[in-house]
Asks: 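Let me begin by handing over the structure; questions about it come next.
By convention in this document, chain letters (A, B, ...) are assigned in the order of the sequence lines, proteins followed by strands, and residues within each chain are numbered from 1.
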Protein chains: 2
Amino acid sequence: MVVWPSTLAPSELDQLFRALADATRRDIVARLLSGETATVSALAARYDMSFAAVQKHVAVLEQAGLVSKVANGRERIVRGEPDRLARTREALSQLEDLWRSRISRLDEVLSEGEPPCPSPTSPPTPKR
Amino acid sequence: MVVWPSTLAPSELDQLFRALADATRRDIVARLLSGETATVSALAARYDMSFAAVQKHVAVLEQAGLVSKVANGRERIVRGEPDRLARTREALSQLEDLWRSRISRLDEVLSEGEPPCPSPTSPPTPKR
DNA sequence: GGGCCATACAACCATTTGGTTGTATATAGG
DNA sequence: CCTATATACAACCAAATGGTTGTATGGCCC
């Protein structure tokens, strides 16, 4: 298994966002993170669809890493993976950071009579 | 238009996560938030696909509210909507909060000889 | 006006998705 | 051992996705 140093690969992000783009799957994640005891069939009982459908949803979540299954006799205990969720949120934060750093760049220019850039070597950043 | 008091409806979350579940679209959002001047064709020039394909991606993003277009002569200036992105991140945070509050509930029980609540019934938690 | 450029949009196609039913396998329990 | 339960998985289907090309529309400029 390739270790990705805490940054998610594009295809992983695809999977994560895809997995979260379904209300049933988000609800499953919510239940699991809330600590609901969850075999696959216990989950399936909650939704108005076939067992196989819920099973597929769980598989999608598992593929994305948002959920993991551990065998326990004939049943599988499904567990939420809050870490994966946190990393997904961080990915969104990084996107937002692009915006924030752009804004602070703009602020810098707007609030300053003599912006730091025009000179060849930037002068010792004036106040602020 | 129905005003949703700062909480996203399930179908909006579907759209948002769906929109983000594609690397090209995430890249478009990233460019826009970074402040890149962006008409639809300027964006299209960046990717190895037809203009119409990029146009569709922008439409998906616009539908999700992650992007907005404003007419400027014959071109449309595409703008990122950081607020929508922030709300999406908040939705993930809320999911994580379920986990966090569960954990704090567990901690409360585990780390306390006499918790504030258990009182009338429930015997003073016998360690372990 | 005429032509070019940016955009929009329809039609089409292959693949994926989200659901179904049906079947197979393994484990628990009488 | 036999049966019922929990899960897995294949096959099938309708609808949505992600791409294509082609055509229409509307603004810019000569």
Asks: What are the two closest non-hydrogen atoms of Ala44(B) and Phe51(B), and how far apart are they?
Replies: CB-CD1, 3.7 Å
Asks: So does Asp14(A) pair up with Arg26(B), basic N to acidic O under 4.0 Å?
Replies: yes
Asks: Give me the first and last nucleotide of DNA chain D, going 5' to 3', that has any atom under 4.0 Å from a heavy atom of chain B.
Replies: dT17(D) to dC28(D)
Asks: Determine, step by step, whether Leu20(B) and Leu66(B) satisfy the side chain to side chain contact (heavy atoms under 4.5 Å, CB included) criterion, reporting the C-alpha distance in whole Å, the side-chain angles of both residues, the deciding distance to 0.1 Å, and the verdict.
Replies: CA-CA 9 Å; Leu20(B) 291 168; Leu66(B) 287 168; 3.9 Å; yes
Asks: Of the residues in residues 61-70 of chain B, which ones touch DNA chain D at a heavy-atom distance under 4.0 Å?
Replies: none
Asks: Could you go through Asp97(A) and Leu33(B), starting from their C-alpha distance and side-chain angles, then the distance that decides it, and tell me whether this counts as side chain to side chain contact (heavy atoms under 4.5 Å, CB included)?
Replies: CA-CA 9 Å; Asp97(A) 284 343; Leu33(B) 293 184; over 6 Å; no
Asks: What are the residues of residues 33-54 of chain A, sorted by number, that bring a heavy atom to within less than 4.0 Å of DNA chain D?
Replies: Thr39(A), Val40(A), Ser41(A), Phe51(A), Ala52(A)
Asks: In this structure, which one of Arg84(A), Arg18(A), Arg87(A) forms a salt bridge (charged side-chain N to carboxylate O under 4.0 Å, His left out) with Glu12(A)?
Replies: Arg84(A)
Asks: Could you go over nucleotides 27-30 of chain C and give all protein N or O partners under 3.5 Å, atom names and distances?
Replies:
from	atom 1	to	atom 2	distance (Å)
dT27(C)	O2	Arg74(A)	NH1	3.4

Asks: Take atom CZ of Arg100(A) as the centre, draw a 6.0 Å sphere, and report whether it contains more than 12 heavy atoms from other residues, nucleotides or ligands.
Replies: yes
Asks: Could you check whether atom CZ of Arg105(A) has more than 12 heavy atoms from other residues, nucleotides or ligands sitting under 6.0 Å from it?
Replies: yes
Asks: Other hydrophobic cluster members with Val60(A), side-chain heavy atoms of Ile/Leu/Val/Met/Phe/Trp/Tyr under 4.5 Å, chained?
Replies: none
Asks: Would you please confirm or rule out a distance under 4.0 Å between OP1 or OP2 of dT7(C) and any side-chain N or O of Gln55(B)?
Replies: no
Asks: Give, for atom CD of Glu36(B) and atom CG of Leu98(A), the distance between the pair rounded to the nearest 0.5 Å.
Replies: 11.5 Å
Asks: As a quick check of understanding, evaluate side chain to side chain contact (heavy atoms under 4.5 Å, CB included) for Ser34(A) and Arg102(B), giving each step before the final call.
Replies: CA-CA 6 Å; Ser34(A) 309; Arg102(B) 174 201 172 188; 5.7 Å; no
Asks: Got a list of protein N/O to nucleotides 12-18 of chain C N/O distances below 3.5 Å?
Replies:
from	atom 1	to	atom 2	distance (Å)
dG18(C)	OP1	Arg25(A)	NH2	3.3
dG18(C)	OP2	Arg25(A)	NH1	3.0
dG18(C)	OP2	Arg25(A)	NH2	3.4

Asks: Roughly how far apart are Tyr47(A) OH and Ile28(A) CD1, rounded to 0.5 Å?
Replies: 4.5 Å
Asks: What are the two closest non-hydrogen atoms of Gly80(B) and Leu32(B), and how far apart are they?
Replies: N-CB, 3.9 Å
Asks: Provide the closest heavy-atom pair for Gln15(B) versus Ala64(B) in the form atom of the first, atom of the second, distance.
Replies: O-CB, 3.8 Å
